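Down below is the structure, laid out as structure tokens.
For clarity, every value in this text was computed on a predicted model and none was experimentally measured. Naming convention: chains lettered A, B, ... in sequence-line order (proteins, then strands); numbering from 1 in each chain. The analysis underlying the following values was restricted to heavy atoms, covering all of them including side chains, and did not include hydrogens, waters or symmetry mates.
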Amino acid sequence: MSRAFQAPRGTLDWYGPRAALRRSVLDHARRVFESAGYGQVVTPTFEDTGVYRRTSGEGSDVVRKEMYSFQDRSGRDLTLRPEGTAGVMRAYLEHGLHRRPQPVKVWYEVPMFRYSSVQKGRYREHYQFGAEAVGSDDPGIDAELIALQARWYRNVDVTGLTLLLNSIGDDTCRPAYVDLLVAFLDEHIDELCEECRERRDTNPLRVFDCKNASCQAVLAAAPKITDHLCDACREHFAAVRAQLDARGVDYRVEPGLVRGLDYYTRTAWEWQWPALGAQSTLSGGGRYDGLAEQLGGPHTPGVGFGAGVERLVLTLEEMGAAEGVEPALDVMFAVLDDEARPRLHALMDEARAAGLRSDAAYGGRRLKRTLELASRRGAGRVVIVGEDEWGAGEATVRDMGSGEQRRVALDALVGELAP
RNA sequence: GUGGCCGUAGCUCAGCUGGUGGUAGCCCCUGGUUGUGGUCCAGGAGGUCGCGGGUUCGAGUCCCGCCGGUCACCCCA
């Protein structure tokens, strides 16, 4: 273990079956979202610090203590991407994507960086698969994103997930609700913990996040946002639910599910897998009809989510899901004659080009070892060329299942091997 | 950022109350005569006992700091 370097705290190396599982999970996600017209977007790994500072809010934990911010050699203030939505919206505004058919639907699969305390399921560099639909406030988009996620999770065979759903209103109804909530908190201020009292001043909605049992008991009687939505928000929420119902997507309305930032509006949701431990949220999403203004743009509705790749992989592993399969082999080339090697390796390239997964035993191994490797790697056939075969311009093709062998002219080898 | 537990070969682990690092298993390499596998047998490689201080005649074993892991608070994905 005494190496000069190790991976920085909170970062992960991916290799072997875990890397294969990770890729499989992402393959499924891409397929599902592209089936619904979402296209890939890649935004920069770092942005002007303001992009995140302005959107996440000065009071947020992300901005206050979790950003990887730095100055480049020209003194520009930059920050490594802590979340995906702000950069996508910035790109939407910058490139005038409002001139495209709305909504603009994109998916991304990129690393996020947050300087937070590391524990299982929470890392300083983590990957998120996310999707955003910008330019429409149609509740059908909210439901579509959730339903697509449900299909993704089903396709990767993760079960036992809980979908929490809520509407947190908008500028029309939320301020009045917050006043109501604060009034309620003031009535019970003596029964609340110190943190909740602080939240009463800073961000009243977050009191619902308190894990203190006595606080929760008090809050059970608090006014619920879902009972105080304005007509437009109530109809929007009802439409989202109706579409989810019609799609057979199960969810639980959780009035305590909130978002801390002002630009979030209406729909909010989280997928959880409780057995994961403290970091049980697999993904979080919501509508952000106020975000574009924060970036200095015109009012532009949008909705999206970010899903933790590491957490999904962890969940699958803890569920005992089949490990990702490492690339198997169709053909192993065992070239025993040095003179034959150039020609045979050229033929191996042809086999590869023809779609046969092929590899050679390198390092001058004995045939016995090569066959052992071939069977371990699942190769169906082994091409053997020693002095005999080379002299005759042929190769021996061994079927690893039956053990049968036959000689084939080198000119016809690739054709013979092709399925 | 705070607190609990932990850190011996690539991996899984032995190592009693401090006295010279394990024939351990898996993995890797080689061999069991000259070209035949999913076995078996034999051999080999691989460790500054996370790093740095301290206590001691002597520390993998005790103390401190740091690094890393893990769990919880917090926050989120």
Quick one: label [X] by what it contacts on the DNA or RNA (base, sugar-phosphate, nothing), any heavy atom closer than 4.0 Å.
{"X": "G10(A)", "value": "sugar-phosphate"}
{"X": "Q405(A)", "value": "base"}
{"X": "G403(A)", "value": "base"}
{"X": "E125(A)", "value": "nothing"}

Check: S69(A)/R53(A) side-chain N/O donor and acceptor closer than 3.5 Å:
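Looking only at side-chain atoms, R53(A) and S69(A) do not form any donor-acceptor pair under 3.5 Å.
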Side-chain donor-acceptor pair present, R54(A), Q294(A), cut-off under 3.5 Å:
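Their side chains do not contain a donor-acceptor pair, so the 3.5 Å distance test is not met.
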Integer angstrom distance from the [atom1] of [N] to that of [M]:
{"N": "C67(B)", "M": "C74(B)", "atom1": "P", "answer": "24 Å"}
{"N": "C26(B)", "M": "G19(B)", "atom1": "P", "answer": "30 Å"}
{"N": "C41(B)", "M": "U23(B)", "atom1": "C1'", "answer": "15 Å"}
{"N": "G53(B)", "M": "G44(B)", "atom1": "C1'", "answer": "38 Å"}
{"N": "C5(B)", "M": "A45(B)", "atom1": "P", "answer": "40 Å"}
{"N": "G46(B)", "M": "U55(B)", "atom1": "C1'", "answer": "33 Å"}
{"N": "G52(B)", "M": "G60(B)", "atom1": "P", "answer": "12 Å"}
{"N": "G43(B)", "M": "G25(B)", "atom1": "P", "answer": "11 Å"}

Rounded distance in Å - [atom1] ([X]) to [atom2] ([N]):
{"X": "L12(A)", "N": "G69(B)", "atom1": "CG", "atom2": "P", "result": "9 Å"}
{"X": "K368(A)", "N": "G38(B)", "atom1": "NZ", "atom2": "C1'", "result": "11 Å"}
{"X": "M332(A)", "N": "U36(B)", "atom1": "CE", "atom2": "P", "result": "17 Å"}
{"X": "R9(A)", "N": "C51(B)", "atom1": "CZ", "atom2": "P", "result": "18 Å"}
{"X": "I384(A)", "N": "U36(B)", "atom1": "CD1", "atom2": "P", "result": "10 Å"}
{"X": "R407(A)", "N": "G35(B)", "atom1": "CZ", "atom2": "P", "result": "15 Å"}
{"X": "D13(A)", "N": "G10(B)", "atom1": "CG", "atom2": "P", "result": "15 Å"}
{"X": "E372(A)", "N": "G32(B)", "atom1": "CD", "atom2": "C1'", "result": "13 Å"}

Using a cut-off of less than 4.0 Å, is there contact between a side-chain N or O of [X] and OP1 or OP2 of [N]?
{"X": "Q119(A)", "N": "A72(B)", "result": "yes"}
{"X": "R369(A)", "N": "U30(B)", "result": "yes"}
{"X": "R114(A)", "N": "C75(B)", "result": "no"}
{"X": "R376(A)", "N": "C28(B)", "result": "yes"}
{"X": "R377(A)", "N": "G37(B)", "result": "no"}

Under the criterion side chain to side chain donor-acceptor pair (under 3.5 Å), I'd like the reasoning laid out for E270(A) against T281(A): C-alpha separation, chi angles, the key distance, then a yes or no.
CA-CA 7 Å; E270(A) 278 186 17; T281(A) 300; 3.2 Å; yes
Mind listing the N/O atom pairs, protein and nucleotides 1-5 of chain B, below 3.5 Å?
{"from": "G1(B)", "atom 1": "O6", "to": "S117(A)", "atom 2": "OG", "distance (Å)": "2.9"}

Would you mind telling me which of [options] lies closest to the side-chain atoms of [X]?
{"X": "R311(A)", "options": "G35(B), C76(B), C74(B)", "value": "C76(B)"}
{"X": "Y123(A)", "options": "G35(B), C28(B), A77(B)", "value": "A77(B)"}
{"X": "S375(A)", "options": "G38(B), G35(B), C74(B)", "value": "G38(B)"}
{"X": "L367(A)", "options": "U36(B), G31(B), C76(B)", "value": "U36(B)"}

Find the runs of at least 3 consecutive base pairs, i with j, i+1 with j-1 and so on, that include RNA chain B, using Watson-Crick or G-U wobble geometry with both distances under 3.5 Å.
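So far as stems of 3 or more pairs are concerned, RNA chain B shows B:1-7 with B:67-73, B:10-12 with B:24-26, B:28-32 with B:40-44, B:50-54 with B:62-66.
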Of K120(A) and W271(A), whose closest RNA chain B nucleotide lies nearer the 5' terminus?
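Closest to the 5' end, via its nearest nucleotide, is K120(A).
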Quick one: CG on L185(A) to CG on L219(A), what's the gap to the nearest 0.5 Å?
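If I round to the nearest 0.5 Å, the distance is 6.5 Å.
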Return the CG to CG distance between D359(A) and L373(A), rounded to the nearest 0.5 Å.
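Here the rounded value is 9.5 Å.
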Sub-3.5 Å donor-acceptor pair from the side chain of R81(A) to the main-chain atoms of T43(A), do we have one?
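Yes, R81(A) side chain to T43(A) backbone: donor-acceptor pair under 3.5 Å.
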Determine whether a donor-acceptor pair (N or O, by modelled atom type, separation under 3.5 Å) exists between the side chain of D399(A) and the backbone of S402(A).
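Side chain of D399(A) to backbone of S402(A): a pair is present.
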Minimum heavy-atom separation for S117(A) and R122(A), please, with both atom names.
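Nearest heavy atoms, S117(A) then R122(A): O-NE, 2.7 Å.
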Does the pair K368(A) and E372(A) meet the rule for a salt bridge (Lys or Arg N to Asp or Glu O under 4.0 Å), with working shown?
CA-CA 6 Å; K368(A) 178 186 162 104; E372(A) 194 183 318; 5.9 Å; no
For this output row, return yes or no: ring centroids of F129(A) and W107(A) closer than 6.0 angstrom.
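Ring-ring flag for F129(A)/W107(A): true, centres closer than 6.0 Å.
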Is it the case that the base of G35(B) and the side chain of E389(A) share a donor-acceptor contact (distance under 3.5 Å, atom types as modelled)?
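Flag set: donor-acceptor pair detected.
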Quick check with a 6.0 Å cut-off and a 45 degree axis cone: is R241(A) positioned over the face of F237(A)'s six-membered ring?
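Yes, a cation-pi geometry.
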Pairing residues for D349(A) by the side chain to side chain contact (heavy atoms under 4.5 Å, CB included) criterion, not counting sequence neighbours:
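D349(A) satisfies side chain to side chain contact (heavy atoms under 4.5 Å, CB included) with R352(A) only.
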